[in-house]
There are 2 protein chains.
Amino acid sequence: VLLICTQYCSSQSLGFNQQFFELYIFTMVYSGFNNSREHNYSTYIYLLPAFGGEEITRKFLQEVSNILWAYIHKSNQRNSKVLDFHHPHQLKAGLEGLNMELPDQPETLEQILVDCRDTLKYGVRTGHPRFFNQLSSGLDVVGLAGEWLTSTANSNMFTYEVSPVFVLMEEVLLKKMQNIVGWLEDEGDGIFCPGGTISNLYSILLARYHFYPEVKTRGMGALPQLALFTSEHSHYSLKKSAAVLGLGTDNMVMVKCDERGKMISAELEAAIVSTKKKGLVPIYVNATAGTTVYGAFDPLNDIADICHRHSLWMHVDAAWGGGLLISDRHRMKLQGIERAWSVTWNPHKMMGVPLQCSAILVKKRGLLKECNELGAEYLFQKDKHYDVSYDTGDKSIQCGRHVDAFKFWLMWKAKGSEGFEAQINKCLENAEYLYDQLQRRTDFKLVFDSKPEHCTVCFWYTPPSLRCLPAGPEKEAKLHQLAPWIKARMMEKGSAMVGYQPLGGKVNFFRCVLSNPATQQEDIDFLLDQIVQLGQYL
Amino acid sequence: VLLICTQYCSSQSLGFNQQFFELYIFTMVYSGFNNSREHNYSTYIYLLPAFGGEEITRKFLQEVSNILWAYIHKSNQRNSKVLDFHHPHQLKAGLEGLNMELPDQPETLEQILVDCRDTLKYGVRTGHPRFFNQLSSGLDVVGLAGEWLTSTANSNMFTYEVSPVFVLMEEVLLKKMQNIVGWLEDEGDGIFCPGGTISNLYSILLARYHFYPEVKTRGMGALPQLALFTSEHSHYSLKKSAAVLGLGTDNMVMVKCDERGKMISAELEAAIVSTKKKGLVPIYVNATAGTTVYGAFDPLNDIADICHRHSLWMHVDAAWGGGLLISDRHRMKLQGIERAWSVTWNPHKMMGVPLQCSAILVKKRGLLKECNELGAEYLFQKDKHYDVSYDTGDKSIQCGRHVDAFKFWLMWKAKGSEGFEAQINKCLENAEYLYDQLQRRTDFKLVFDSKPEHCTVCFWYTPPSLRCLPAGPEKEAKLHQLAPWIKARMMEKGSAMVGYQPLGGKVNFFRCVLSNPATQQEDIDFLLDQIVQLGQYL
């Protein structure tokens, strides 16, 4: 029995059930358990760190990898579904055996593997070439390997002593990003944090502290009423941060945009002046480099001039657009970003790093630490035997912090800057291809009629039944219902996923995101054909 | 050649170099590339989603799993090092080939694998049985499988449409946790978030909004000066949150603790009364269930009585102690927690879930959403075809949010409540064992002389050279230097890791954490012996 069990058989050639049966016998013999009811199955108690748990642990993890590999393989096949949609009540009803409820007694490891398979089965394949739904999409294999390693290392970013390598990798990445933004050698600081919203929150937190350091100890009560500025097309995280930080959403002034979704700089200046007249104190402007829906780039240099004139903190939310900095062909769209005092940049969006990977970059060195440090003595002892300036955790608003840097570092190693550039250029070419197709076809209409600057393309589909209707409220109402209806059918079919929304006075339109490196032109053609096929008889 | 390459050979029986050589030939033939310099190696461009990338992707991921498995295996061997310590400047110097710098050109996949091995080599084995350094330790194999799957699914928690299964699992887990806290069926809400600090931040954010909903739009300027209360032994995240939210650290009143580190409830009441007299408005009290250093439990029922009398929001920071709720033997230590209005509970600490997994639980249903929602139309459309109450992302202060629920769900399936209970009881038994050993030995002294209530044990070691010194500043000064010195030597040897810190008037003492399920009594004996061995000649 021992021989059978220690012999390594690929689960390709031997079914897992059989392997587990052998393991079961093995464990029974090895552990001296009798055949009583409670030991009838192999459960977690035989896994490491249990004594003698090596073989079962190895086989369990091997089987998990096999399941994951099968998933990855299938997600890359165009004829597989993007999702197998079920309504919440259906999934909760324990459909086809996926029982969500948490048991008192252990499940067998075999059942755990079934649970893994089911979880993947009813999920969404965000790496599928026809997943156009979110700014973060695709599945980078090297990034994935990085994330598997990260979770195996299971460490924490607060101190050098527990994460020596990861802390240094974070430093290297942040310096590289600051360098790409265009800051000088003696400028620049930053930290990875859980998502673009938190990055943007940091920027406001830092601006407030920069102008009013007493806020840390005394709170907002010691400050005048502050005002902040962002464009009406900017991400909602700006408003959310204003709420969280106690500044109030009303004090986040929404500046008008042009037809293309870019902030109108004259409107910004006017808003600053009029806000001052009302007695508020402007401190902060957010410029967006790559808006969420239109993918628009605000005029950074104009905004920087205004910030300079009024001595305001200039932040650039390049969560979505930051990746373009790495492309010689596209980085001019962010001209002026080097004048920003802080920058949000999410490698998990345009650079295809697995979720989550988001950085806040800060021009003024030391400010992050000053603003956030509290010097907890159980973590940040000054009498350690190494250079404690590498205990960077006190810069953070978190305490424990997930290692988000490694997968990004590993991807950079694997691709080089050139590889990232090629990938980003390819995505933008796809966006242009979609734009060209839409221009050519009479059944589609672009939401704004200019070449996409980034990887989102916004459009309406007009089915034959609506084409003859005169423009007016009735047509608008029907068009408004169309995108959600088509999207719903597409999800039910599982053929593709694409987002939609209204904006300002515009009724629901599709927003197709092309950040997925798996997407080819044939997938874009497929998407348009699907929309037509589903919508034509409406 | 095709035959060689498609045939699956376990990397156990065939070296990876050889495999890659074969793959190289395969890719050369298959892709029709000539043997020009830039295609001399297999790089990321041959991985999926590249056409024909299945085999190389599979082998690459297989090799990554092998590396990770070898790491896990070694981490469970007591004779392996906990860490291979190097100073920052040594690692940065590219020691033994680990080059941190980010290249312009791609590395080969073989080099990527070397990078993975090196990263693990110079890291810290937080799952090693002799890692006593952090509240989060150990490496749960099922939890790890869950995290591998999570990263492969690479999804986001904001909407049901992209994370149908994960959103439902989060709901099931939160309900279970609320139920265990002891709230009624019609009470309870919550969300997973990136760490205990953010969980605590949520609690203050919610308390502020509960009493002053206008703060969301108008900011702190519209509010009186607020006061919050927590104990001097509580986690620094309370103060940090007060700074971030614009309340000010000065307005977080630190209430005195008894010798054991528990908040003195009479002191709390006195502080509330005196703060009111100063014209501030108390709104919030944090009680800690399991303090960071002493592992102490505040008297929750007494604090709840006081909160009730003064109409204050009662939060319980059970980040560290929450796990004990699942143990019949230990849950009485948290008696009164059901009276809290919000609870922080980190399954990544006492329940051994891989980092990160932290929940904020809120008694009042709907408040989280009201406080944080902004209804972004590109994500939270109301005209979707499914029940949009499952689009829970608008409850969050984040936008994108990592899937932290799945690994926890899978572990619960694998262990059942009973398995978690057994694991937690075992850890507490280890703490008691250490306590017993320390009591028995004359060369060690406990920082507080009572049985540990949780899994931290605090103590001094007195080497022979100090034993005869009279108590006084000289002895104290020497004792203060001792713990960092011993810890440094231990890290250099790589034999174990344990934390230390001063507290109040007390000089540096060791804080040994026993949350690691891999730890056995022999490891505890080893730790004490190591301390003696390293410290005896000082």
Side-chain angles (χ1 to χ4, degrees), chain A residues 44 47-49 64-65 68 76 88 100 102-107 112 122-124 141 145 147 151-152 154 162 165 172 176 194-195 197 216-221 225 236 243 246-250 354 356 374 376-378 383 385 390 398-400 402 412-414 416-417 419 484 488 501 518, chain B residues 44 47-49 64-65 68 76 88 100 102-107 112 122-124 141 145 147 151-152 154 162 165 172 176 194-195 197 216-221 225 236 243 246-250 354 356 374 376-378 383 385 390 398-400 402 412-414 416-417 419 484 488 501 518:
Chain A
Y44 79 100
L47 294 171
L48 286 174
V64 169
S65 318
L68 299 179
N76 276 279
M100 298 270 176
L102 304 166
D104 288 336
Q105 309 276 341
E107 276 184 0
I112 291 300
Y122 298 113
V124 174
V141 173
E147 197 67 348
S151 48
T152 309
N154 195 30
V162 290
V165 188
V172 169
K176 186 80 171 183
T197 294
K216 185 172 175 179
T217 50
R218 295 176 56 203
M220 294 284 293
Q225 199 178 344
Y236 73 99
L247 292 151
T249 53
D250 287 353
Q356 285 182 337
L374 282 172
E377 285 182 320
Y378 78 99
D383 51 4
H385 70 302
Y390 287 94
Q398 301 177 263
C399 170
H402 190 262
W412 209 310
K413 284 284 189 185
S417 312
Q501 71 280 298
Chain B
Y44 79 100
L47 294 171
L48 286 174
V64 169
S65 318
L68 299 178
N76 276 279
M100 298 270 176
L102 304 167
D104 288 334
Q105 310 277 341
E107 277 184 359
I112 292 299
Y122 298 112
V124 174
V141 173
E147 197 66 347
S151 48
T152 309
N154 195 29
V162 290
V165 188
V172 169
K176 185 82 172 183
T197 294
K216 185 172 176 180
T217 50
R218 295 175 57 202
M220 293 286 292
Q225 198 178 346
Y236 74 99
L247 292 151
T249 53
D250 286 355
Q356 287 182 337
L374 281 171
E377 285 181 320
Y378 78 98
D383 50 4
H385 71 302
Y390 287 94
Q398 302 177 262
C399 170
H402 190 262
W412 210 310
K413 283 283 187 184
S417 313
Q501 70 280 300

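It should be emphasised that the depicted structure is a prediction, and the values quoted were computed from it without experimental measurement.
- A pairwise comparison of heavy atoms in K176(B) and D104(A) identifies NZ-OD1, 4.2 Å as the closest pair.
- Looking at S65(A), the atoms closer than 4.5 Å to chain B (heavy atoms on both sides) all sit in the side chain, from C-beta outward.
- Proximity of E147(A) to T152(B): side-chain heavy atoms (C-beta onward) are nowhere separated by under 4.5 Å.
- When each of H402(A), M100(A), Q501(A), M220(A) is checked for heavy-atom pairs under 4.5 Å with chain B, M100(A) comes out on top.
- No other option in P106(B), G219(B), P354(B), A145(B) has as many heavy-atom pairs under 4.5 Å with chain A as P106(B).
- With a 4.5 angstrom heavy-atom cutoff, K216(A) touches chain B via backbone and side-chain atoms both.
- Here the closest non-hydrogen pair linking Y44(B) and G419(A) is OH-CA, 3.1 Å.
- Per-residue heavy-atom pair counts under 4.5 Å with chain A were compared for D250(B), L47(B), V172(B), T217(B), and the maximum is reached by T217(B).
- Ranked by heavy-atom pairs under 4.5 Å with chain A, the list L247(B), V165(B), V64(B) is led by V165(B).
- Taking both residues in full, the closest heavy atoms of L48(B) and N76(A) are given as CD1-ND2, 3.8 Å, listed atom of the first, atom of the second, then distance.
- In this structure, the side chain of Q398(B) engages the main chain of P194(A) through a donor-acceptor pair within 3.5 Å.
- Residue with the most contacts toward chain A among S151(B), A518(B), A376(B), G195(B): S151(B) (heavy-atom pairs, distance under 4.5 Å).
- Summarising the geometry, atom CD belonging to E107(A) is positioned 4.5 Å from atom NZ belonging to K413(B); distances are rounded to the nearest 0.5 Å.
- At a 4.5 Å heavy-atom cutoff, the contact between T197(A) and chain B is made by side-chain atoms alone.
- Most heavy-atom pairs under 4.5 Å with chain B, from the set V162(A), L102(A), I112(A): that is L102(A).
- Scanning all heavy atoms of the two residues, the minimum distance from L374(A) to Y236(B) falls at CD1-O, 3.6 Å.
- Chain A forms more heavy-atom pairs under 4.5 Å with one residue of P484(B), A414(B), A243(B) than with any other, namely A414(B).
- Checking side-chain atoms of Q225(B) against main-chain N and O of G221(A) turns up no donor-acceptor pair under 3.5 Å.
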